[in-house]
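In what follows, a single structure is set out as structure tokens and then discussed.
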Amino acid sequence: MENRLLREKIMARLGRFPSKVPLEAVFEEPVDEGAYTRTRVTYMVEPGEIMPAWLLRPQGEKPKKGWPAVLAIHRDSEHCELGKGEVAGIGGDPMFHYGREICLRGYVVLCPDLLCYEERRPPEEIRRRRAALTGESYERFEFTKRLLKGSSLQAKYLHDLACSLDLLGSLPEVDKQNLGVIGHSLGGLEALWLTWYDARVMAGVASCGLTLIKSLLRDGLSQPLANCIPGLLDVADMDDLLGSLAPTPFMMVGGEGDPLLPIDGFYFMVNYAQSLYIQLGVPERFRYFVFQGGHIFPSEAKEAAYLFLDRWLKPLPPGGLLP
């Protein structure tokens with residue numbers, strides 16, 4: 001299906017998107033972390049609704065055109081208590097501190113909380129009184145509420161993440177022509193969706209977030225609620241979404257033994273994307289990395305992902321030669 005028509009069909013199934021409002025960003029006092037600063041920032045995504053994030057900024061000499069910038073999207077967690085803080089390197093599992101690690105390579109990095117995670121949960125006193133508004137139950141509540149109102153959780157995520165790109169693009173030290181996205185698990189799924197949705201993303205990396213929806217259904221595995229979009233399979237599966245990115249640089253990372261994401265669906269997506277990027281004469285713009293392991297983001301996979309972002313987002317070295 002031609003990309004424009006496919007996009008129209010998918011957008012129709014995503015439902016109504018929230019209206020944009022001025023960001024009205026508020027930057028708190030930065031924390032000096034040595035090689036970089038860490039600043040808590042909030043910005044408006046809907047009337048009366050803020051999105052909190054950690055903003056990581058290198059302290060070295062700024063490149064002439066500004067720093068390249070990356071939106072680092074967190075994984076899902078059992079009780080939804082982990083979010084931006086883990087990606088920014090101030091809590092959780094060090095394996096998933098990829099926002100901090102990317103900043104140390106010379107990027108401005110924004111690590112936001114998705115709806116239902118970390119600071120974007122109901123206040124603790126409400127969670128204590130109402131069990132239905134805790135953890136995955138709250139995510140389910142937000143999901144069903146949006147379906148009933150003609151929208152979807154994915155539409156909300158895409159709207160909020162696009163606002164996050166607005167925030168990055170508003171920073172004077174950022175090179176607006178070199179914006180990327182990376183994520184693991186739920187964050188990896190959203191990295192694909194955002195690269196598909198927003199043309200400002202110049203390169204993306206998805207770790208352990210992608211397989212065919214049909215493979216998940218075949219194996220009786222749960223769908224992320226963000227991917228439960230009414231009628232999506234009538235028009236597309238994840239391979240169609242991935243293929244329509246070409247020629248935008250994109251990388252998939254997966255584990256051979258991932259119990260949550262059937263590897264055959266992963267490889268089907270890889271083969272389909274490779275064929276399209278080859279047809280366009282840009283095979284180097286699509287890469288994949290498979291490791292022996294499960295639903296993790298090991299160091300060798302992260303290094304491959306970071307090198308991929310370096311290639312497509314950092315300014316060319318003297319002489320214009322790519323690494």
Side-chain angles (χ1 to χ4, degrees), residues 18 20-28 30-31 33 35-46 49-60 62-74 83-89 97-115 117-120 156-184 187-188 190-206 248-250 305-306 308-310 312-315:
K20 283 213 170 186
V21 296
L23 290 175
E24 298 180 9
V26 176
F27 297 84
E28 298 184 2
V31 178
E33 297 283 6
Y36 66 97
T37 61
R38 173 169 51 84
T39 305
R40 184 177 180 275
V41 56
T42 59
Y43 42 99
M44 302 292 293
V45 292
E46 293 191 57
E49 182 183 351
I50 64 169
M51 190 166 190
W54 285 113
L55 177 63
L56 313 180
R57 293 185 272 200
Q59 297 213 76
K62 184 181 73 172
K64 185 176 180 181
K65 292 185 177 181
W67 298 102
V70 169
L71 186 61
I73 310 174
H74 61 78
K84 67 184 183 304
E86 183 173 58
V87 181
H97 291 179
Y98 42 89
R100 176 184 180 274
E101 292 168 0
I102 291 170
C103 178
L104 291 172
R105 298 175 75 97
Y107 293 85
V108 171
V109 180
L110 187 68
C111 312
D113 277 335
L114 292 173
L115 181 65
Y117 289 87
E118 202 171 301
E119 288 190 65
R120 298 186 74 187
K156 173 60 174 170
Y157 281 176
L158 288 173
H159 169 82
D160 289 0
L161 291 171
C163 291
S164 300
L165 290 179
D166 293 341
L167 188 282
L168 275 177
S170 73
L171 301 175
E173 69 269 32
V174 163
D175 179 358
K176 300 168 184 58
Q177 303 305 311
N178 282 297
L179 302 180
V181 62
I182 188 172
H184 174 79
E190 293 311 304
L192 172 62
W193 272 102
L194 186 63
T195 306
W196 172 84
Y197 175 70
D198 199 312
R200 290 175 294 178
V201 177
M202 293 291 103
V205 174
T248 301
F250 198 82
Y306 301 163
F308 183 81
L309 292 175
D310 287 347
W312 298 108
L313 295 180
K314 285 192 171 180

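Here, residue 1 is the first one in the sequence, and each next residue gets the next number. Quick caveat: nothing in here was measured; it's all calculated off a predicted structure.
- Across all their heavy atoms, Ala25 and Val41 have their closest contact at CB-CG2, 4.3 Å.
- Residues that satisfy the ring-ring contact (aromatic ring centres under 6.0 Å, His included) test with Tyr117, not counting sequence neighbours, are His74.
- Of all heavy-atom pairs between Tyr36 and Cys103, the closest is CB-SG, 3.5 Å.
- Among pairs with a residue in residues 50-60, those fulfilling salt bridge (charged side-chain N to carboxylate O under 4.0 Å, His left out) read Arg57-Glu173, at least two apart in sequence or across chains.
- A distance of 3.5 Å separates OG of Ser164 from CE of Met51, quoted to the nearest 0.5 Å.
- The minimum heavy-atom distance linking Ala72 with Pro112 is given by the pair O-CD, 3.5 Å.
- The environment of Glu49 atom CD is dense: over 12 non-hydrogen atoms of other residues, nucleotides or ligands sit within 6.0 angstrom.
- Proximity of Val45 to Pro18: side-chain heavy atoms (C-beta onward) are nowhere separated by under 4.5 Å.
- For Tyr157, there are no side-chain hydrogen bond (donor to acceptor under 3.5 Å, both in side chains) partners at least two apart in sequence or on another chain.
- The structure places NZ of Lys65 at 12.5 Å from NZ of Lys176, a figure rounded to the nearest 0.5 Å.
- Checked against side chain to side chain contact (heavy atoms under 4.5 Å, CB included), Thr248 has the following partners two or more places apart in sequence or in another chain: Thr195.
- For Glu46, the salt bridge (charged side-chain N to carboxylate O under 4.0 Å, His left out) criterion is met by Lys156, not counting sequence neighbours.
- For Asp166, the salt bridge (charged side-chain N to carboxylate O under 4.0 Å, His left out) partners at least two apart in sequence or on another chain are Lys20, Arg200.
- A distance-only check finds a donor-acceptor pair linking the side chain of Glu118 to the backbone of Gly85 [under 3.5 Å].
- With a 4.5 Å cut-off on side-chain heavy atoms, Trp67 and Leu171 do not count as touching.
- Among all heavy-atom pairs drawn from Cys111 and Val87, the shortest one is SG-CG1, 3.9 Å.
- The two residues Ala88 and Arg100 come nearest to each other via the heavy atoms O-CB, 3.6 Å.
- With Asp113 contributing its side chain and Lys84 its backbone, the two residues share a donor-acceptor pair below 3.5 Å.
- By the side chain to side chain contact (heavy atoms under 4.5 Å, CB included) test, Met202 is found to be paired with Leu313, residues two or more places apart in sequence or in another chain being considered.
- Evaluation of the salt bridge (charged side-chain N to carboxylate O under 4.0 Å, His left out) rule for Glu86 yields Arg75 as partners, not counting sequence neighbours.
- Within the 4.5 Å cutoff, side-chain heavy atoms of Tyr43 are placed close to those of Leu110.
- Residue Ile182 holds its CD1 atom at 4.0 Å from CD1 of Ile102, rounded to the nearest 0.5 Å.
- The shortest side-chain heavy-atom distance between Pro52 and Arg40 falls under the 4.5 Å cut-off.
- Tyr107 meets the side-chain hydrogen bond (donor to acceptor under 3.5 Å, both in side chains) test with Asp310; sequence neighbours excluded.
- By the side-chain hydrogen bond (donor to acceptor under 3.5 Å, both in side chains) test, Tyr197 pairs with no residue at all, sequence neighbours left out.
- Contact check for Leu56 versus Leu104: no side-chain heavy atoms found under the 4.5 Å cut-off.
- Two residues are said to be in side-chain contact when any heavy atoms from C-beta on lie closer than 4.5 Å; Leu55 and Val108 meet this criterion.
- Proximity of Met44 to Leu23: side-chain heavy atoms (C-beta onward) are nowhere separated by under 4.5 Å.
- Between the CG atom in Leu179 and the CG atom in Asp198 there is a gap of 8.5 Å [rounded to 0.5 Å].
- Of all the heavy atoms in Phe250 and Ala191, the pair that sits closest is CE1-O, 4.0 Å.
- How far CD of Glu190 is from CG of Leu71: 10.5 Å, rounded to the nearest 0.5 Å.
- Shown here are the side-chain hydrogen bond (donor to acceptor under 3.5 Å, both in side chains) partners of Gln59, two or more places apart in sequence or in another chain: Asp32.
- Contact of the Glu24 side chain with the Val26 side chain is not registered, since no non-hydrogen atoms from C-beta on lie closer than 4.5 Å.
- Listed by chain and number, the residues in a ring-ring contact (aromatic ring centres under 6.0 Å, His included) with Trp54 amount to none (sequence neighbours excluded).
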- Message: With side-chain contact (heavy atoms from CB on, under 4.5 Å) as the criterion, how do Arg105 and Val70 come out once you've worked through the C-alpha distance, each side chain's angles and the decisive distance to 0.1 Å?
- Response: CA-CA 11 Å; Arg105 298 175 75 97; Val70 169; over 6 Å; no
